[in-house]
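In each ligand, atom 1 is the first atom listed, and ligand 1 is the first ligand listed.
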Amino acid sequence: MQEIKVTLTQNKKQKPPVEGLGFGNYFTDHMFLMDYYDGRGWVDPRIVPYGPLSLDPSAMCLHYGQEVFEGMKAYRRPNGGAALFRPDKNMQRLNVSNDRLCIPLIDEDFCVEAIKKLVDIDKDWIPDGENTALYIRPFIIALDPHLGVHPAKHLLFIVIMSPVGSYYKEGINPVKIYVEQKYVRAVKGGMGFTKTAGNYSASLKAQDEAEKKGYTQVLWLDGVERRYIEEVGTMNVFFKINGEVITPSLEGSILGGITRMSCIEVLRSKGYRVTERRLSLEEVVNAADNGTLEEAFGTGTAAVISPIGELIVGDREITINEGKIGEVSHLLYDTIVGIQNGTVEDTFGWVQNV
Ligand SMILES: *Cc1c(COP(=O)(O)O)cnc(C)c1O
């Protein structure tokens, strides 16, 4: 393995108070960098003081969005140490995104080690408090100073970290979701299954309009028939109908969440019937009408579980589980957060100590 050169900061920042963290507002003292040059591969891995980058204004990532990212967290453990949750899955997925975006693949094991080293150096930044964690953002950008549309030959892999509190101001309370029938996020054959900047710029307009109407997120439908449910905001989505827990199958336009995968495994281990399949909006509305729509929730690293209390379909408002947190949402939140924080036994072997 390559050696990671470490340059420590001479000016440690003051840490923000835990109560006012919010999400993604503060950054730790250090960051990880590694360059890729055509012909040389990924070279010069290094941890340096956090600070601005210097880029050529023609850097390709700024023009054509050749960029990929990941989102994961480090958790404070009862013994005062730190742990990561399934970091190998994040690096695997980063390579899935890399492949789609013509970005050279990274060495997954090496990058997990690099992240552990960075977390260890900045471990004082892992907040202590309920619903808090150190959010980790690995990303890769294309740097070639060049305005032609081609895969880049010089790229930079960066990892930055941010102490975070609860993702939503509302906490784990059920949210109001607007079913988006005009805009779409992704289509099969596109990049929906990757974490790349363009997917999120494509979603801003719908999100902005939904927020202005007083809703927290949008529910995305498929881009072709506008009929099948895909995701909720930047989370995967689950519905419980008549005892069956259903989540849309991954067919190219949906991001394969690690929380989604973990929820499926937890529920199956506890004897729930979980199905990955196409689920139409019509089926959900019919279930609401005949009283079999029992629960709905989003899943993702940031919020873990986000119960859906209300769905707005055109001029119809569907209340789910009387707007309260359901049994499955509760169970998943307690189990996964417990495993992450070390208060629930990790029978799956998901946690890696730093
Ligand atoms: C990151 C993300 C998710 C959730 O993935 P996790 O690995 O569970 O955090 C779901 N949908 C989209 C669009 C995402 O970007």
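For ligand 1, the polar-atom distance check finds an N/O of Y200 within less than 3.5 Å of one of the ligand's N/O atoms. The shortest N or O to N or O distance between I258 and ligand 1 is under 3.5 Å. Ligand 1 has an N or O atom lying under 3.5 Å from an N or O atom of K195, backbone or side chain.
Taking atom 9 (O) of ligand 1 as the reference point, the nearest protein heavy-atom neighbour is T301 OG1, 2.6 Å. Taking atom 5 (O) of ligand 1 as the reference point, the nearest protein heavy-atom neighbour is G257 CA, 3.3 Å. The protein heavy-atom contact nearest to atom 3 (C) of ligand 1 is T234 O, 3.4 Å.
Using a 4.0 Å heavy-atom cutoff, R93 is listed among the residues neighbouring ligand 1.
Between F69 and Y200, the gap from one ring centroid to the other is short of 6.0 Å. Ring pair Y135/F23: centre-to-centre distance below 6.0 Å. Aromatic ring centres of Y215 and Y178 lie closer together than 6.0 Å. Checked against a 6.0 Å centroid threshold, the rings of H154 and Y37 count as neighbours.
Each of the following atoms of ligand 1 lies closer than 4.0 Å to a heavy atom of G300: 4 (C), 8 (O), 9 (O). When each atom of ligand 1 is checked for a heavy atom of E231 under 4.0 Å away, the hits are 10 (C), 11 (N), 12 (C), 13 (C). Remark: ligand 1 atoms within the under-4.0 Å shell around heavy atoms of R185 are 13 (C).
The aromatic rings of F238 and F297 lie parallel to each other, with less than 30° between the two planes, well short of the 60° mark.
Between G298 and V232 the shortest heavy-atom distance is CA-CG1, 3.8 Å.
Under the 4.0 Å criterion applied to side-chain N and carboxylate O atoms, D120 and K123 are assigned as salt-bridge partners.
Around the NZ atom of K15, the shell of radius 6.0 Å holds more than 12 heavy atoms that belong to other residues, nucleotides or ligands.
One option in L255, T299, T259 has a heavy atom closer to atom 8 (O) of ligand 1 than any other, and that option is T259.
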